[in-house]
Amino acid sequence: MTDSPTPKTHIAHTLLSRAYSPDSTTAQFTEKIKQKPLYLRPTESTATDNRSRRRLHRLRKKEYFLKHQKPRPLSAREKRISGLHDLPKEECKYAIFKGLHELWVGYMHEILDLKPGAHSGPVSALVHGSKLVSADFHGAEVEVVRSSCSGRVGVRGIVVRDTKFTFVLVTERDEMKTIPKERTIFRFTVPLPISSKGEQDQQKESGAGGAKPLVFELHGSQFENRPVDRANKKFKWRNIDYL
């Protein structure tokens with residue numbers, strides 16, 4: 001068996017043993033060297049450390065901004081490329097948009113303050129005119145009554161797209177028609193609300209035929225605005241010098 005190597009003596013213990021007795025050497029070494037706390041002074045920051053700290057701060061600030069910012073809206077070109085507003089021809093059926101027209105009729109009842117079974121005040125241009133011109137006409141069933149192009153007169157359909165200069169209609173034959181607003185007069189009707197089916201049958205039996213629907217005419221040349229722009233626009237009376 002080989003003897004285990006003896007532990008190496010600390011150099012400070014060797015130096016102290018030359019000046020003190022063995023007991024004093026052990027006490028001095030234990031108290032002043034072995035158990036003495038070592039205080040380290042923090043390293044002073046350099047110019048490189050300051051640049052790294054500022055760069056890290058900028059990166060964290062940018063990351064926070066990108067994480068909490070709203071997504072950028074699509075441009076007009078990106079919308080055209082993606083086909084966001086395209087209407088597939090196989091889905092443009094009159095029967096499909098008939099339900100949209102019924103929702104639009106209820107929407108117009110709220111605008112004109114028409115309530116079923118209650119006596120409503122008269123609909124006038126002074127009171128309801130500003131509401132009608134700022135309303136949304138997606139779902140309205142309109143008919144061309146006058147136009148600079150005689151071929152467009154009589155076209156009737158549900159509005160599936162209301163752009164700044166045109167109305168896109170779906171006719172009863174499931175055809176899509178793009179009608180320019182310029183120099184064109186559109187007519188649309190709003191039926192009066194009926195409280196119950198029994199009241200409707202009673203009116204038909206009495207021979208009155210029920211209350212007549214409200215009929216409006218829309219001059220397209222004064223309506224060349226997008227729906228989102230019409231909501232906050234103030235319209236002014238203008239003289240009609242065409243048709």
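As the structure is a computational prediction, the values presented were derived from the model and not from experiment.
- A salt bridge links Arg72 to Glu78: at least one charged side-chain nitrogen sits closer than 4.0 Å to a carboxylate oxygen.
- With hydrogens and angles ignored, the 3.5 Å screen pairs a side-chain donor or acceptor of His10 with a backbone N or O of Ala12.
- The minimum heavy-atom distance linking Val170 with Cys92 is given by the pair CG1-O, 4.0 Å.
- Looking at Ser24, its side chain never comes within 3.5 Å of a backbone N or O of Ser21 through a donor-acceptor pair.
- Within a 6.0 Å sphere centred on CD of Glu31, other residues, nucleotides and ligands contribute 12 heavy atoms or fewer.
- Cluster annotation: Tyr20 and Phe29 are assigned to the same hydrophobic cluster (Ile/Leu/Val/Met/Phe/Trp/Tyr, side-chain heavy-atom contacts under 4.5 Å, transitive).
- Ser52 places no side-chain N or O within 3.5 Å of a backbone atom of Asn50 that could act as its donor or acceptor partner.
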query: Can Glu175 and Lys93 be said to form a salt bridge (Lys or Arg N to Asp or Glu O under 4.0 Å), step by step?
result: CA-CA 8 Å; Glu175 297 176 349; Lys93 306 294 182 182; over 6 Å; no
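- The shortest side-chain heavy-atom distance between Val160 and Leu169 does not fall under the 4.5 Å cut-off.
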- request: Please report the C-alpha distance between Leu192 and Leu114 in whole Å, then the side-chain angles of each, then the deciding distance to 0.1 Å, and finally whether the side chain to side chain contact (heavy atoms under 4.5 Å, CB included) criterion is met.
  value: CA-CA 7 Å; Leu192 296 178; Leu114 301 177; 4.1 Å; yes
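- Atom CD of Glu91 is separated from atom CG of Asp174 by 12.5 Å, given to the nearest 0.5 angstrom.
- The neighbour count for Ile11 CD1, taken as heavy atoms of other residues, nucleotides or ligands under 6.0 Å away, does not exceed 12.
- When all heavy atoms of Pro213 and Pro191 are compared, the pair lying nearest together is CB-CA, 3.8 Å.
- The CZ atom of Arg51 sits 12.0 Å away from the CZ atom of Arg55 when rounded to the nearest 0.5 Å.
- Looking at Tyr107, its side chain never comes within 3.5 Å of a backbone N or O of Gly139 through a donor-acceptor pair.
- One distance of note links NZ of Lys181 with CZ of Phe165; it measures 9.0 Å at 0.5 Å rounding.
- Rounded to the nearest 0.5 Å, atoms CD1 (Ile179) and CZ (Arg152) are 6.5 Å apart.
- At a threshold of 4.5 Å between side-chain heavy atoms, the hydrophobic network of Ile, Leu, Val, Met, Phe, Trp and Tyr places Val105 and Ile158 in two separate groups.
- A heavy-atom distance below 4.5 Å is not found between the side chains of Trp104 and His138.
- Side-chain atoms of Arg146 never come within 3.5 Å of backbone atoms of Ile185 as a donor-acceptor pair (strictly under, hydrogens ignored).
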field: Step-by-step side chain to side chain contact (heavy atoms under 4.5 Å, CB included) determination, Tyr94 to Glu141
entry: CA-CA 11 Å; Tyr94 185 84; Glu141 189 169 4; 2.9 Å; yes
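- The shortest distance between side-chain heavy atoms of Val133 and Asn225 does not fall below 4.5 Å.
- For Glu63, the CD atom sits in a loose shell: 12 or fewer heavy atoms of surrounding residues, nucleotides or ligands are nearer than 6.0 Å.
- Transitive grouping of hydrophobic side chains (ILVMFWY, heavy atoms separated by less than 4.5 Å) keeps Phe167 and Leu87 in distinct clusters.
- At a threshold of 4.5 Å between side-chain heavy atoms, the hydrophobic network of Ile, Leu, Val, Met, Phe, Trp and Tyr places Val159 and Leu100 in two separate groups.
- Nearest heavy atoms, Gly151 versus Val155: O-CG2, 4.3 Å.
- Using a distance-only test at 3.5 Å, with no hydrogens or angles considered, no donor-acceptor pair links the side chain of Arg156 to the main chain of Val142.
- Side-chain N or O atoms of Thr166 include none that pairs as donor or acceptor with a backbone N or O of Asp162 at under 3.5 Å.
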task: Apply salt bridge (Lys or Arg N to Asp or Glu O under 4.0 Å) to Lys131 and Asp113, showing your working.
output: CA-CA 11 Å; Lys131 296 181 179 179; Asp113 300 326; 3.8 Å; yes
query: Tyr64 and Gln69: side-chain hydrogen bond (donor to acceptor under 3.5 Å, both in side chains), yes or no, with the steps?
result: CA-CA 9 Å; Tyr64 178 85; Gln69 73 173 350; over 6 Å; no
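- Considering every non-hydrogen atom in both Val190 and His109, the closest pair reads CG1-CD2, 3.8 Å.
- Between atom CG of residue Asp229 and atom NZ of residue Lys164 there is a gap of 7.5 Å, rounded to the nearest 0.5 Å.
- Within a 6.0 Å radius of NE2 in His68, more than 12 heavy atoms belonging to other residues, nucleotides or ligands are found.
- Contact of the Arg54 side chain with the Arg58 side chain is registered, since non-hydrogen atoms from C-beta on lie closer than 4.5 Å.
- Hydrophobic clustering (ILVMFWY, side-chain heavy atoms < 4.5 Å, transitive): Leu132 and Leu218 are in one cluster.
- Electrostatic pairing of Glu217 and Arg187 counts as a salt bridge here, judged by a charged N lying under 4.0 Å from a carboxylate O.
- Using a 4.5 Å cut-off on side-chain heavy atoms (C-beta onward), Thr184 and Val144 make contact.
- Between Thr25 and His13, the shortest heavy-atom distance links the atoms CG2-O, 3.7 Å.
- Centroid-to-centroid, the aromatic rings of Phe137 and Phe223 come within less than 6.0 Å.
- Taking the six-membered ring where the residue is Trp, the centroids of His101 and Phe97 are separated by 6.0 Å or more.
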